[in-house]
Structure formats: C-alpha cells, structure tokens
Amino acid sequence: MRVGGPARFWCEPTTFGELQEACVYAHTHNAPIVVLGGGSNVVIRDRGINALVMRMRLSGIEIVREDADEVLVRVGAGESWDALVAWTVARGWWGLENLSGIPGTVGAAPIQNINAYGSSVADTIVSVETYHPDQDVHTTFDTPACRFAYRDSVFKQAEGKGWVVTAVLFRLSRVPHAHTAYRSASNAMERYFAEHNITKPSIGDVRDAVLSIRKKIGMLEGCYRSAGSFFKNTLLGSEQFARVKEIVMCDHAALAERLSPWYWELPDGRVKVSTAFLLECTPYNKTAFADRAFRDTVGISPVHSLSLINLSNARASDIEAFMHEMIEAVASQFFITIEPEVLFLGDA
C-alpha cells in the first residue's frame with residue numbers, strides 16, 4: 001500500500017548461510033526479527049519497525065519425486081508464488097491453478113493458508129521446512145502439524161511465530177481434475193468458460209479464468225495501491241447466521257437477490273458469509289464511496305468493496321482508522337465483527 005516508516009535493519013538473504021548470519025546480527029544488536037515475503041498482505045505503521053526485517057529470497061525449485069499420477073516439488077520460500085503457479089501450469093501439474101494471480105512468495109503461502117476460488121494451498125502441501133533463529137534448529141512441519149484453517153495456520157499463532165519458513169514441499173497431480181464450481185455473486189469460472197466456448201477446461205483455461213476474474217475485480221498486482229482483500233470472509237455459527245440472514249432479508253432483500261450467493265454452508269455446520277456483501281449493506285461500499293475519500297487519502301476500490309486503496313499520500317494511521325470505521329459499520333447493522341486479513345506491523 002506504499003505506506004509506513006522504515007525498518008531499523010533490513011536484509012534480503014538468498015542462502016541459508018545468509019539467513020543464519022542475519023539472525024546472529026539481529027541477536028547481537030538485540031533486534032527482533034520480522035520476516036516478509038512480498039509484503040503484499042501487510043501494512044507497515046508510520047513509525048516503522050524497530051527490528052531486523054528480512055525479505056526472504058531463498059530460491060530454488062526441485063522435483064523430489066514423480067510418477068505417472070503425481071509429482072512432489074520442493075520450492076524455496078523466496079520464490080514468487082504466481083511464478084510457481086505458472087511453472088506448474090505449463091507442465092500440466094494440477095493443484096495450484098485456482099490460486100493464480102495471488103501476489104507474494106511461496107514461504108508466505110502456508111502461513112496465510114492462501115485460499116481462492118474453491119482451493120486452499122493446504123490441499124497441496126506435504127510439509128513446511130522451517131528454521132528457528134532463537135534455538136538454531138530446523139524443523140519440518142507435516143500437514144497436521146501446520147494446523148491449517150481458513151486463512152490461518154500454526155505459523156500465525158503464538159507457538160508458531162518464531163519459525164521462519166525456508167521451503168515448502170507440494171504434492172501436485174498429473175491427473176486432470178479442474179475445480180470450477182466455485183462462484184460468487186458476480187464472478188464465476190463457469191461464466192468465463194461459457195463466454196469463451198470452453199466445454200472441457202484445461203489447466204491453462206482454469207488459470208486464464210482466474211486471472212481474468214481477478215483483473216476485473218482489481219485484485220491483480222499493479223491494479224491499485226492496495227493490499228488486495230482487506231477483510232476475511234466471515235465465519236458464523238448457525239444461530240449467528242440466522243440472525244444476520246433475518247436482518248438481510250428484512251432490510252436488504254433486493255441486494256441479497258442481486259448479489260446471490262452471498263453465503264456458503266460449510267460441512268462443519270458453520271456458514272461462510274461474504275464480507276464484501278456485508279459491506280455492500282453499509283455506506284462503506286464501492287458504489288457509495290466511488291467519489292469519496294476518507295481523510296482525502298483512502299478510498300474503496302471501485303470494483304470490489306473488500307479492497308481499501310491508497311488514493312494519495314495516505315498514512316498507515318489513515319488506513320487503520322478507516323478500517324475501524326468499516327468494522328463498526330458492519331457491527332452496528334449485523335451485530336458481528338468482521339476481521340481484517342491484512343497484518344499491521346510496527347509500533348502504533
């Protein structure tokens with residue numbers, strides 16, 4: 001989002017030796033360590049970060065094992081995520097294609113458990129290799145140990161935050177299995193295929209569809225000065241959802257019909273609600289805010305209500321204050337709290 005202050009120290013380790021050297025330097029200077037991938041899902045606060053900030057650059061793609069049905073690929077944490085997706089799609093290896101166009105690095109993918117268009121990266125991860133600077137030890141987390149959940153993993157929890165991801169092992173399929181059923185109110189892969197007369201989508205067709213959809217909603221890198229989807233979709237229990245649905249059908253029935261589907265029932269009994277839809281029911285949406293700006297600096301993307309954009313010389317404090325106004329607007333209507341997906345780093 002191009003906001004925020006400086007780092008006390010900065011480095012970009014390209015080898016494991018450089019990573020260790022940087023960690024020793026941080027400890028020598030009593031500086032905490034903050035690890036970034038591409039920095040695409042964070043907002044740096046205005047005072048900056050009193051730490052050694054590493055932008056991970058560990059690279060390398062290695063085919064560990066392959067047979068007629070699947071391929072195991074080990075990838076360095078500093079590799080570009082979308083470049084990896086393009087690489088696997090070009091080889092016809094299925095599993096990552098629905099996650100096309102997501103900015104950032106491979107090492108950040110398991111931390112966030114990136115999720116889009118009916119797929120989660122957890123579906124393909126075999127294990128995550130890590131290093132703990134304080135303990136100077138390596139540990140490999142298998143899938144259960146990663147404790148993947150919606151936009152979450154053990155690496156975002158207190159017990160996992162000390163581990164630095166160095167590489168990820170993926171299991172990809174040689175057997176075609178396109179996942180194209182996911183749809184939102186305005187963006188469906190099936191619609192893209194119909195418009196392009198595609199009846200049996202290839203892996204390349206799926207990637208093209210996802211990139212087309214993401215471009216339309218301004219979620220490709222370079223579209224706006226934004227962090228993409230600023231808020232997570234909202235998970236509700238059945239009773240909470242019933243109350244929200246009652247309010248929607250009473251006050252926003254026409255909008256609900258126009259933007260259907262705006263919720264999805266999950267196997268565990270919970271319901272995932274589109275936070276973009278909830279915002280559409282408030283004054284903080286892409287239409288109402290089309291010609292407005294918060295503090296003359298922060299706006300909402302004209303093509304997606306989940307995306308906050310830096311219009312002109314915004315400060316991190318402007319973005320954070322605007323975020324809280326949006327959270328309060330949803331809470332006042334639906335009596336629930338939406339959660340930011342973006343991580344704020346640095347001293348408030």
Keeping [X] on the side-chain end and [Y] on the backbone end, is there a donor-acceptor pair under 3.5 Å?
| X | Y | value |
| --- | --- | --- |
| Thr124 | Val121 | yes |
| His29 | Ala31 | no |
| Glu97 | Gly95 | yes |
| Asp208 | Asp205 | no |
| Asp123 | Ser120 | yes |
| Arg8 | Asn50 | no |
| Thr275 | Lys232 | yes |
| Asn113 | Ala149 | yes |
| Ser173 | Val175 | yes |

Discussion item. Under the criterion side-chain contact (heavy atoms from CB on, under 4.5 Å), I'd like the reasoning laid out for Ile336 against Val273: C-alpha separation, chi angles, the key distance, then a yes or no.
Written reply: CA-CA 11 Å; Ile336 58 174; Val273 177; over 6 Å; no
Are [Y] and [X] linked, directly or through intermediate hydrophobic residues, by side-chain heavy-atom contacts shorter than 4.5 Å (ILVMFWY only)?
| X | Y | value |
| --- | --- | --- |
| Ile309 | Ile102 | no |
| Tyr224 | Val43 | no |
| Val42 | Met1 | no |
| Val342 | Tyr284 | yes |

Applying side chain to side chain donor-acceptor pair (under 3.5 Å), name anything that partners [X], two or more places apart in sequence or on another chain.
| X | answer |
| --- | --- |
| Ser317 | Asp46 |
| Glu18 | Thr14 |
| Arg57 | Glu12 |
| His27 | Asp134 |

Practice prompt. Could you note down all residue pairs passing salt bridge (Lys or Arg N to Asp or Glu O under 4.0 Å) where residues 295-309 supplies at least one of them, sequence neighbours left out?
Written response: Arg295-Asp318
Practice prompt. Would you list the pairs meeting salt bridge (Lys or Arg N to Asp or Glu O under 4.0 Å) in which at least one residue belongs to residues 28-44, sequence neighbours left out?
Written response: none
Looking at [X], I'd like to know if its [atom1] atom is crowded, meaning that more than 12 non-hydrogen atoms belonging to other residues, nucleotides or ligands lie closer than 6.0 Å.
| X | atom1 | result |
| --- | --- | --- |
| Asp67 | CG | yes |
| Glu239 | CD | no |
| Arg65 | CZ | no |
| Glu257 | CD | no |
| Gln135 | CD | yes |
| Asp268 | CG | yes |

Practice prompt. Applying side chain to side chain contact (heavy atoms under 4.5 Å, CB included), name anything that partners Ile63, two or more places apart in sequence or on another chain.
Written response: Glu66, Val71, Trp87, Trp93
Discussion item. Test of understanding: with side chain to side chain contact (heavy atoms under 4.5 Å, CB included), list the residues that count as partners of Ser59, not counting sequence neighbours.
Written reply: Glu79
So, [X] versus [Y]: side-chain donor-acceptor pair below 3.5 Å or not?
| X | Y | answer |
| --- | --- | --- |
| Asn285 | Ser305 | no |
| Gln333 | His252 | yes |
| Thr130 | Thr139 | no |
| Arg207 | Ser100 | yes |

Show the nearest heavy-atom pair for residues [X] and [Y], with the distance to one decimal.
| X | Y | answer |
| --- | --- | --- |
| Ile125 | Phe148 | CD1-CZ, 3.9 Å |
| Ala256 | Phe277 | CA-CE1, 3.7 Å |
| Pro340 | Met323 | CB-SD, 3.8 Å |
| Thr105 | Gly78 | CG2-O, 4.0 Å |
| Lys286 | Ser301 | CB-O, 3.1 Å |
| Leu99 | Trp81 | O-NE1, 3.1 Å |

Could you tell me whether [X] and [Y] make a salt bridge, using a distance below 4.0 angstrom between a side-chain N and a carboxylate O?
| X | Y | result |
| --- | --- | --- |
| Asp82 | Arg214 | no |
| Glu320 | Arg315 | no |
| Lys272 | Glu265 | no |

Fill in: Qualifying residues under ring-ring contact (aromatic ring centres under 6.0 Å, His included), relative to Phe230, sequence neighbours excluded
none
Discussion item. Suppose we screen for ring-ring contact (aromatic ring centres under 6.0 Å, His included). Which residues come up paired with Phe241, at least two apart in sequence or across chains?
Written reply: Trp262, Tyr263
Worksheet entry | Ring centre gap for Phe141 and Phe155 strictly below 6.0 Å | yes
Fill in: Verdict with supporting geometry, Asn98 and His179, side-chain contact (heavy atoms from CB on, under 4.5 Å)
CA-CA 8 Å; Asn98 286 48; His179 296 294; 3.9 Å; yes
Fill in: Members besides Tyr25 in its Ile/Leu/Val/Met/Phe/Trp/Tyr cluster (side-chain heavy atoms under 4.5 Å)
Phe9, Phe16, Leu19, Ile33, Val35, Leu52, Met54, Met56, Leu58, Tyr131, Val164
Worksheet item: Which pairs count as side-chain hydrogen bond (donor to acceptor under 3.5 Å, both in side chains) when at least one residue sits in residues 140-154, sequence neighbours excluded?
Response: Arg147-Glu159, Arg151-Glu341, Asp152-Gln157
Worksheet, complete the sentence: From the list Asp347, Leu36, Leu345, side-chain contact (heavy atoms from CB on, under 4.5 Å) with Ile49 holds only for Leu345
Practice prompt. Quick one: pull up CG in Leu279 and OG in Ser307 and give me the separation to the nearest 0.5 Å.
Written response: 11.5 Å
Worksheet item: Phe334 and Leu278: side-chain contact (heavy atoms from CB on, under 4.5 Å), yes or no, with the steps?
Response: CA-CA 8 Å; Phe334 298 107; Leu278 297 177; 4.0 Å; yes
Practice prompt. Would you please test Thr234 and Glu339 for side-chain contact (heavy atoms from CB on, under 4.5 Å) and show each step?
Written response: CA-CA 7 Å; Thr234 303; Glu339 297 182 12; over 6 Å; no
